[in-house]
Amino acid sequence: MTAPSEGAPATAVPTYAPGELAALAARHGLKVSGARPSLPAYVRQLWGRRHFITAFATAKLTAQYSQAKLGQIWQIMTPLLNATVYYFIFGVLMNTKHGVEDFVPFLVTGVFIWTFTSSSITAGTRAISGNIGLVRALHFPRASLPVALALQQLQQLLFSLGALTLILLAFGQYPRPTWLLAVPALALQALFNTGLSMAMARLTAKTPDIAQLTPFVLRTWMYSSGVMWSLDHLLAGDRVPRAVLLVLEYNPAALFINLMRYALIDSYTWDQLPPLAWAAAAGWALLCGVAGFVYFWKAEETYGRG
Amino acid sequence: MADDRNTPGDHRVPTVVVDDVHITYTVNGARTGRGSATSALSRLTSRRRTPGARQVHAVKGVSFAAYKGEAIGLIGSNGSGKSTLLKAVAGLLPPTRGKVHTQGQPSLLGVNAALMGDLTGERNVVLGGLAMGMTREQIRARYDEIVDFSGINEKGDFITLPMRTYSSGMGARLRFSIAAAKSHDVLLIDEALSTGDAKFQRRSKDRIKELRAEAGTVFLVSHSNKSITETCDRALWLEAGTLRMDGPAKEVVKAYEAFTNRK
């Protein structure tokens with residue numbers, strides 16, 4: 001089978017001594033292809049691709065509803081419909097609004113802010129596996145993909161915030177200086193989401209099965225973060241140990257949601273936030289942002305294999 | 001041409017050195033589906049190999065050196081590992097064993113994956129260009145050239161319509177035009193010469209020649225022996241993941257033809 005066919009030259013394939021080719025490459029200063037760049041170089045490459053990242057995010061966002069008759073109106077309709085559903089189930093049927101002032105703004109803020117984190121994570125699980133063709137065809141820092149998808153979610157959130165503003169106005173919440181606190185709160189959350197999205201991208205690139213488990217984890221996380229109800233009210237009294245309460249209150253999703261509530265809703269006051277809420281939120285954002293990025297970069301050269 | 005490959009004291013400059021490269025794929029779910037959440041969990045925790053996973057040894061120890069100014073054709077029957085090897089040279093598919101050394105960043109002439117059918121041709125030109133690492137200014141400067149080259153607007157204002165409304169030929173033409181808009185150090189082309197009608201094929205062949213002149217080295221994967229002998233001066237013949245022959249394009253194609261006819 002391996003014998004050369006008749007007429008072929010005897011030396012069909014040149015043979016190289018061990019190390020000969022490596023020496024040739026070294027002599028002419030060739031670099032190993034597909035090697036992982038250093039962390040600073042990687043950051044520079046990623047920055048160099050910022051226009052691709054924004055273009056990719058915007059393209060994904062507009063492509064989403066381009067086949068629908070109402071087109072981009074769905075960007076704002078979808079969050080509004082979501083809020084309506086949650087209001088019907090949790091506000092009317094289950095009556096969790098009992099004892100919560102301004103329940104509708106409270107609920108809608110919770111749902112939108114939670115959706116920002118959960119959909120960033122879900123998008124992260126598909127960042128590499130859903131764009132494997134792109135990863136196998138073109139050269140770019142792979143972190144562009146999870147970052148672009150997290151950015152797409154941020155753009156989506158801005159549409160939701162438009163809807164949220166309408167709802168807030170309709171329920172008698174008028175703009176005041178604390179609304180400006182929404183900016184740092186969202187910036188921290190975006191950093192947190194991007195880090196988590198990158199971590200998920202690496203995990204699912206190696207083990208696609210994790211994408212199947214993510215929805216269950218997310219749902220558990222949502223119900224324990226006080227998205228549709230007030231954690232304070234639910235956990236009032238001695239029914240729940242103090243430690244559990246602390247864990248629930250300082251979990252990043254609950255922190256980001258409650259910081260936004262504090263920023264936007266009059267009746268949500270500073271003493272409803274746990275102590276050092278801003279410091280804790282910033283800590284989570286930095287920890288996840290940096291760790292997620294480094295963790296993703298560590299496997300840079302393996303994406304697209306297998 | 002063939003003999004100077006092993007000449008000692010080589011004055012030629014290597015651009016790509018492939019040193020004993022092996023590539024193994026792991027394919028998940030070859031037999032079974034992904035299974036339920038609980039079975040997935042038990043697999044994750046036990047870290048055992050998934051039951052459906054299979055190893056595919058696509059490239060088995062290939063070595064060669066390519067030099068500046070060469071155009072190298074890769075031939076071999078389907079599934080012989082040509083495209084896989086090309087992706088390894090591009091640094092897109094890391095070798096399992098062995099090393100690929102390159103001068104500069106080799107790029108694959110493949111922008112298809114970055115384009116989105118729901119976007120207009122116009123926006124895809126920008127997106128594709130950015131994905132290939134062009135700057136916004138470079139894209140703006142070449143935009144008209146890309147659209148003219150693709151011939152998309154010859155029959156009306158198609159560039160402002162979503163790409164999914166294009167015929168397959170039109171789509172292929174636009175994709176090639178975007179991909180060919182950038183010049184590269186080492187250019188890797190995978191079966192790009194067979195898109196579009198006769199007129200467009202002639203135009204793309206000319207463009208490939210230009211790209212060859214600009215690039216240091218060109219690799220071409222093709223099933224058309226004619227385009228290999230026309231465009232390349234050297235050829236590599238891969239069969240079942242191993243390098244079977246490396247030499248002047250005409251000789252290698254002749255041996256390959258003898259091999260395929262015999263089968």
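A note on names: the letters A, B, ... follow the listed sequences, proteins ahead of strands, and every chain is numbered from 1.
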Taking side chain as everything from C-beta outward and backbone as N, CA, C, O, which of these in [X] sits under 4.5 Å from a heavy atom of chain B? Side chain, backbone, both or neither.
{"X": "A:Arg36", "result": "neither"}
{"X": "A:Ser144", "result": "neither"}
{"X": "A:Thr54", "result": "side chain"}

Check [X] against [Y] and note the closest heavy-atom contact, atom names and distance.
{"X": "B:Ala65", "Y": "A:Leu24", "result": "CB-CD2, 3.8 Å"}
{"X": "B:Leu119", "Y": "A:Ala59", "result": "CD1-CB, 3.3 Å"}
{"X": "B:Phe64", "Y": "A:Tyr16", "result": "CA-OH, 3.9 Å"}

### Query
Hey, what do you get for CG (B:Asp20) to CG (A:Leu21), rounding to the nearest 0.5 Å?
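Those atoms lie 9.0 Å apart.
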### Message
Return the CG to OG1 distance between B:Asp246 and A:Thr15, rounded to the nearest 0.5 Å.
### Response
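If I round to the nearest 0.5 Å, the distance is 11.0 Å.
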Segment of [X] engaging chain A (4.5 angstrom heavy-atom cut-off):
{"X": "B:Leu243", "result": "both"}
{"X": "B:Ala240", "result": "neither"}
{"X": "B:Val252", "result": "neither"}
{"X": "B:Val56", "result": "neither"}
{"X": "B:Val126", "result": "neither"}
{"X": "B:Thr15", "result": "backbone"}

Examine distances only and state if a side-chain atom of [X] and a backbone atom of [Y] form a donor-acceptor pair shorter than 3.5 Å.
{"X": "B:Arg123", "Y": "A:Ala55", "answer": "no"}
{"X": "A:Arg49", "Y": "B:Ala131", "answer": "yes"}
{"X": "A:His139", "Y": "B:Ala90", "answer": "yes"}

### Query
Run the side-chain contact (heavy atoms from CB on, under 4.5 Å) check on A:Val32 and B:Val100 step by step: do they pass?
CA-CA 6 Å; A:Val32 173; B:Val100 178; over 6 Å; no
Take atom [atom1] of [X] as the centre, draw a 6.0 Å sphere, and report whether it contains more than 12 heavy atoms from other residues, nucleotides or ligands.
{"X": "A:Tyr295", "atom1": "OH", "result": "yes"}
{"X": "B:Arg97", "atom1": "CZ", "result": "no"}
{"X": "A:Trp74", "atom1": "CH2", "result": "no"}

### Task
Run the numbers on B:Met116 and A:Phe56 for side-chain contact (heavy atoms from CB on, under 4.5 Å), then give the verdict.
CA-CA 10 Å; B:Met116 298 182 199; A:Phe56 189 77; 3.6 Å; yes
#### Entry: chain A contacts, top residue of B:Ser63, B:Gly117, B:Ala88, B:Pro162 (heavy-atom pairs, under 4.5 Å)
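If we count pairs closer than 4.5 Å to chain A, B:Ser63 comes out on top.
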### Query
Which one, B:Lys254, B:Gln103, B:Met134, leads in non-hydrogen pairs under 4.5 Å with chain A?
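So the answer, after comparing B:Lys254, B:Gln103, B:Met134, is B:Gln103.
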### Query
Taking side chain as C-beta onward, heavy atoms only, is B:Val13 less than 4.5 Å from A:His28?
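Yes, their side chains come closer than 4.5 Å.
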### Task
Could you please spell out the steps behind the side-chain contact (heavy atoms from CB on, under 4.5 Å) verdict for A:Leu138 and B:Met132?
CA-CA 7 Å; A:Leu138 293 171; B:Met132 292 192 303; 4.1 Å; yes
### Task
Mind running side-chain contact (heavy atoms from CB on, under 4.5 Å) on B:Thr102 and A:Leu30 for me, showing each step along the way?
CA-CA 5 Å; B:Thr102 60; A:Leu30 270 61; 5.5 Å; no
### Task
Count the heavy-atom pairs under 4.5 Å between each of A:Gly48, A:Ala25, A:Ala26, A:Gly29 and chain B, then report the option with the highest count.
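The answer is A:Ala25.
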